[in-house]
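One structure is given here, and the rest of the page talks about it.
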Amino acid sequence: DIMCREMGYTGIVMGIVDSHGESCDLPPSCSEKVLKVQYANYFESLDYMRQSKFLLLPQVYDASPRVAVEAMSLNLPLLMNSEIVGGWKYINEQTGEFFRDDMSDFRDSLAKLMSNLDTYSPRSYVNTNYGSKKAGAKLRSFVEEHFADRVILPKRSELLIPSEPIAASGVADTSQDSPETISIKSFVVGTHESQFKDFVQANLGSEGEFNWVHGENGWDQHVADEWVGLAGGPTFDVSTYKPFEKDQFGPHAAGCYMSHYKLIQHLDEVGEHSHLASAASSAYIVFEDDARCIRGWQNEVLKTMTALPDDWDILFFGGRPISYFHKFNGTKPGTSTPSSLRHDICSGMFGKARGPLAPDGSRNISNHDPYWRASYLVHTHAYAVNPRRIEHVLKVLEGKQGHEPIDARFAKAMDSGMLAAYMTPENICEQSSLMSDYTPNWDGLNPQPWLGHFGFPPEAVKQHPGIHEAHMWGRILLDGEDSPACVGVY
């Protein structure tokens, strides 16, 4: 009643609290301001939290609410009952405020929280104090101290992190999900073997499950010339670029493009002698050495593969589905509200979209779909290639349209229909450089919906303050079909 009647706040109550499937009773003042959701799956709950300013934890009998760390990982501060059985350890000056169970100081605690919203840094606190590396080191130390007589740990290991079972052959056990068995072979592309070791440790595997592929050095003029010769376009001198500069038409892009191309070319050449190329269900998995994947990534990827059409060329399970890639025209709307954003999209203000499609070809995508058809997607840190259609992928890379980043080449090909590209509706693998900014890492498990804000230009976010950058993709795309008058897709 304090939040609804006195403060005029809106919000959502999630969860079932009694045997009749009902959630808690709300005062009349909240009837039009608070949405009651009996059940929200993991991804929906994250989406609701992204739209919120803070998380209220009024319960007492809770050992240690996991949702508290999930919220903090999304940079959401907490307002917590000080009498809670567990979880009180999370509250400090970085993460939120307590209130007394008798509610005597609730107004003051709420006021303090709201006035200090810009000063809290819960995500930073979680990244500093928790995560798989810290928890893994503690667990290893605990096991070594208390179970040394029964457990022998590898001497060079530093972390002990629970993982889902993976068959010794490197093929995930999907017997519970599908009767079909898919054979895979995984490759990791990189330029430094030390980074390969980091990849193996981070992705909870052994070196025997991944094949290291030494990448091409784009700062070698010979490699740059090969790129130009393969993809077309004007020649360039690598010495004119600043060292380690990531220019999309320079040495960095050349090395990345040629590394992937030569691996795929090699797989095509040896494919006729490989059981994978002739197997009815098989795939080559390609990682870049900065990929960081969820636990049980193989099971998740194989689950998607069993649902794909037979004529798939490439499956992305890490990347960015870009919806508005044309230059933002900067037109400033007269009013900036959530409803005006839908109008601006439909009027074509953001240009033509290339968002993903549902399995039936419609734009009504859902996180529950077995897969999406990729229409325009960038980044190549985690994808799978169909051995029986690998020539389609090579044909795209060998086109003479002009040298460009490999993900841009793939994106244009899938957009034109030249490449049968698909994507998982969840981000199975992220790039390590983005983990701290975009991926909660509170227990080493980070499945996420495709992260929302990459589909919209920063200018669009700034000009529509009623829409939070972090949830624009998910909320705008999943809220139903547009009217026939909508010319801007999505």
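- With S73 contributing its side chain and V69 its backbone, the two residues share a donor-acceptor pair below 3.5 Å.
- The residue from F196, W212, F187, F199 that alone fulfils the ring-ring contact (aromatic ring centres under 6.0 Å, His included) condition with F287 is F199.
- Under a 4.0 Å N-O distance rule, the pair E145/R140 does not qualify as a salt bridge.
- If you check the side chains of S121 and Q94, you find a donor sitting under 3.5 Å from an acceptor.
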Scan the side chains in residues 232-239 for donor-acceptor partners under 3.5 Å anywhere in the protein, sequence neighbours excluded, and list what turns up.
{"residue": "D237", "atom": "OD1", "partner": "S239", "partner atom": "N", "Å": "3.0"}
{"residue": "D237", "atom": "OD1", "partner": "S239", "partner atom": "OG", "Å": "2.8"}
{"residue": "D237", "atom": "OD2", "partner": "S239", "partner atom": "OG", "Å": "2.9"}

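- The shortest side-chain heavy-atom distance between L263 and H260 does not fall under the 4.5 Å cut-off.
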Practice problem: Let me see the working for H403 and Y257 under side chain to side chain contact (heavy atoms under 4.5 Å, CB included), right down to the final yes or no. | Solution: CA-CA 9 Å; H403 55 78; Y257 196 108; over 6 Å; no
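- No hydrogens or angles considered: a donor-acceptor pair under 3.5 Å links the side chains of E288 and T380.
- The aromatic rings of Y383 and F316 lie tilted to each other, with the angle between the two planes from 30° to 60°.
- No donor-acceptor contact under 3.5 angstrom links the side chains of Q431 and R292, judged on distance only.
- Across all their heavy atoms, Y422 and P309 have their closest contact at OH-CG, 3.5 Å.
- Between the side chain of D313 and the backbone N or O of A421 there is no donor-acceptor pair closer than 3.5 Å.
- Proximity of a side-chain donor or acceptor of D220 to a complementary backbone N or O of H222 within less than 3.5 Å is detected.
- A donor-acceptor contact under 3.5 angstrom links the side chains of E398 and Y261, judged on distance only.
- Smallest separation of non-hydrogen atoms from M49 and A71: SD-CB, 3.7 Å.
- With a 4.5 Å cut-off on side-chain heavy atoms, P122 and L76 do not count as touching.
- Of the possible donor and acceptor atoms, none in the side chain of K185 sits under 3.5 Å from a partner among the backbone N and O of I285.
- T95 places no side-chain N or O within 3.5 Å of a backbone atom of P77 that could act as its donor or acceptor partner.
- Between V188 and N211, every side-chain heavy-atom pair lies at or beyond the 4.5 Å cut-off.
- Shown here is K262, whose NZ atom has more than 12 heavy atoms of other residues, nucleotides or ligands within 6.0 Å.
- Atom NZ of K395 has 12 or fewer heavy atoms from other residues, nucleotides or ligands within 6.0 Å.
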